[in-house]
There are 2 protein chains.
Amino acid sequence: MTDHSPEAGFCCPDHSGTSQAQAILAQAEARAREAGLRLTPVRRRTLEILLEAHGALGAYEVLERLAAEGYGTQPPVAYRALNFLVENGLAHRIRRLNAFTACAQPAHEHRAAFLICESCDSVTEARADGMTRALGAAADAVGFVLARSTIEAVGLCRACAQGRA
Amino acid sequence: MTDHSPEAGFCCPDHSGTSQAQAILAQAEARAREAGLRLTPVRRRTLEILLEAHGALGAYEVLERLAAEGYGTQPPVAYRALNFLVENGLAHRIRRLNAFTACAQPAHEHRAAFLICESCDSVTEARADGMTRALGAAADAVGFVLARSTIEAVGLCRACAQGRA
DNA sequence: TCTTGACTGTTATGATATAACATAAGATAG
DNA sequence: CTATCTTATGTTATATCATAACAGTCAAGA
Ligand SMILES: [Zn+2]
Ligand SMILES: [Zn+2]
Ligand SMILES: [Zn+2]
Ligand SMILES: [Zn+2]
C-alpha cells in the first residue's frame, strides 16, 4: 500500500480525498436537495467517511467509524446508509472488493467503470458511457433489455506501474 | 423464475444446459488436456454440475450436490474446485450473484460479459472483446495498466421481456 | 522404496449481509 | 396543536459467503 498519510505529497491517482472532498460533498448535497432526498446525519456522515477514505471501504469499516461517533453500532446502520447513497447515485458499490466508494461526479448522472489497483488498492472512477453503449449493443443483439451494469477492471495504477517498471 | 424443468420446451436464452452441455464439456476436456491441467473427478464433476444447472450456482449449492455424491462435505471442497475451474478458464465467477457458471466457450480464450436476468435468474455469456478494448482505452488514458476485468449487466432476458410486454 | 508435490478432506473461524422487530423523529390532516 | 401516518434509526439475532490451517492420500520421479 502506498503512503496515504496526509503528509505524503503523493496520493491515489484521481483520489477524491482531502483535496476534492469538499467540492464533491457540495455537489452531492446540491443534488440531494434538488432530488428531494433526505440526507440525514448518518447518511451525510457516511458519505463524508467515504470521501475521506483512500480507496473503497467495506461496510464494517464504515460501521466502525460511525459507531465511534455515536451512531448505531450494528451492521444494518452502515448497510442502510450505504445502500441509500448507492441507490441515489451518491456512492458506488465495488463488487470485487465487497466495498463502497463515494461517487466522484455526483453532479450528473453517469455510467461508471472502476479501475482497481492490485498494488495500492486505489479505486479510480472512470466514465463508462462508451463501454455501456457497446454493452447495450451486445445486449440488443440477443434481445436482452439492459437495466444497469457493473464494469470493474483490475490492474496497476499509474503510480504503482511506474514504481515497478 | 421461469420453468426450467426438463419437461418445459423452453429454456434459458443461450442456456448451456441439457442441449449443449455435452459439447461444452468435450471442449473443456480437450482444453484441459492440451493445457496439461488435471481435471480430477471432483473438478470434472463440479464442471458438470455447473453445466447441468440453469443460471449460476452458489458455492454452497455446488457443495450440496458434491456432498450428496460422496465427495467432501465442507466448503473448501467446492471453493477449490470452483476456483480451479475459474483460474483455468473453464468457468466464470459472477460477482453480482456470488455464484459461478460454466464457461460457454471453453475452447478459446475470450473476454466475457454476462447478462443477468432479474426475472428468471438466467445468466448469458456474451463476448466482450469490444468492451474490453474500450475499457483498455479508458485505462490507458489515465495510465492504468489493465490486467483483467469484470463486466456484468442486469436486466431482462428476451423471454422475460416479452412475457411482460 | 522413498521422497516430493499436488490433491482432497476436515475443523474451525472469519467476513459479508439481511430479517424482524422496537423506538424515535418528521410530515400531514383534522 | 395533536392524532395519525410515514420514514428513518437502532437493536438482536441469524443467514450467507469465504478462507486459514492442518491431516491424510496418492501418483510421479529419484
Ligand atoms: Zn460516480
Ligand atoms: Zn496503485
Ligand atoms: Zn467463457
Ligand atoms: Zn429471464
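Per chain, numbering begins at 1; letters A, B, ... match sequence-line order. What you see is a predicted model, and the numbers here were worked out from it, not measured in a lab.
The local environment of CZ in Arg148(B) is crowded, with over 12 non-hydrogen atoms from other residues, nucleotides or ligands closer than 6.0 Å.
When the ring-ring contact (aromatic ring centres under 6.0 Å, His included) test is applied to Phe114(B), the partners found at least two apart in sequence or on another chain are His92(B).
A donor-acceptor contact closer than 3.5 angstrom links the side chains of Glu125(A) and His110(A). Residues Thr150(B) and Arg95(A) bring no donor and acceptor atom of their side chains to less than 3.5 Å of each other.
Bracketed by its first and final contacts, the part of DNA chain D lying under 4.0 Å from non-hydrogen atoms of chain B reaches from dC17(D) to dA20(D) in 5' to 3' order.
Of all the heavy atoms in Met131(A) and Arg127(A), the pair that sits closest is CE-O, 3.8 Å.
Using a cut-off of 4.0 Å between Lys/Arg side-chain N and Asp/Glu carboxylate O, Glu52(B) and Arg45(B) are scored as salt-bridged.
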Contact letters for nucleotides 11-26 of chain C, in which S counts primed atoms plus P, OP1 and OP2 and B counts the base, heavy atoms under 4.0 Å: B----BBBB------S
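Distance Glu87(B) CD to dA6(C) C1': 14 Å, rounded to the nearest Å.
If you take CZ on Arg93(A) and CG on Leu85(A), they are separated by 12.5 Å, rounding to the nearest 0.5 Å.
The shortest distance between side-chain heavy atoms of Arg31(B) and Glu109(B) falls below 4.5 Å.
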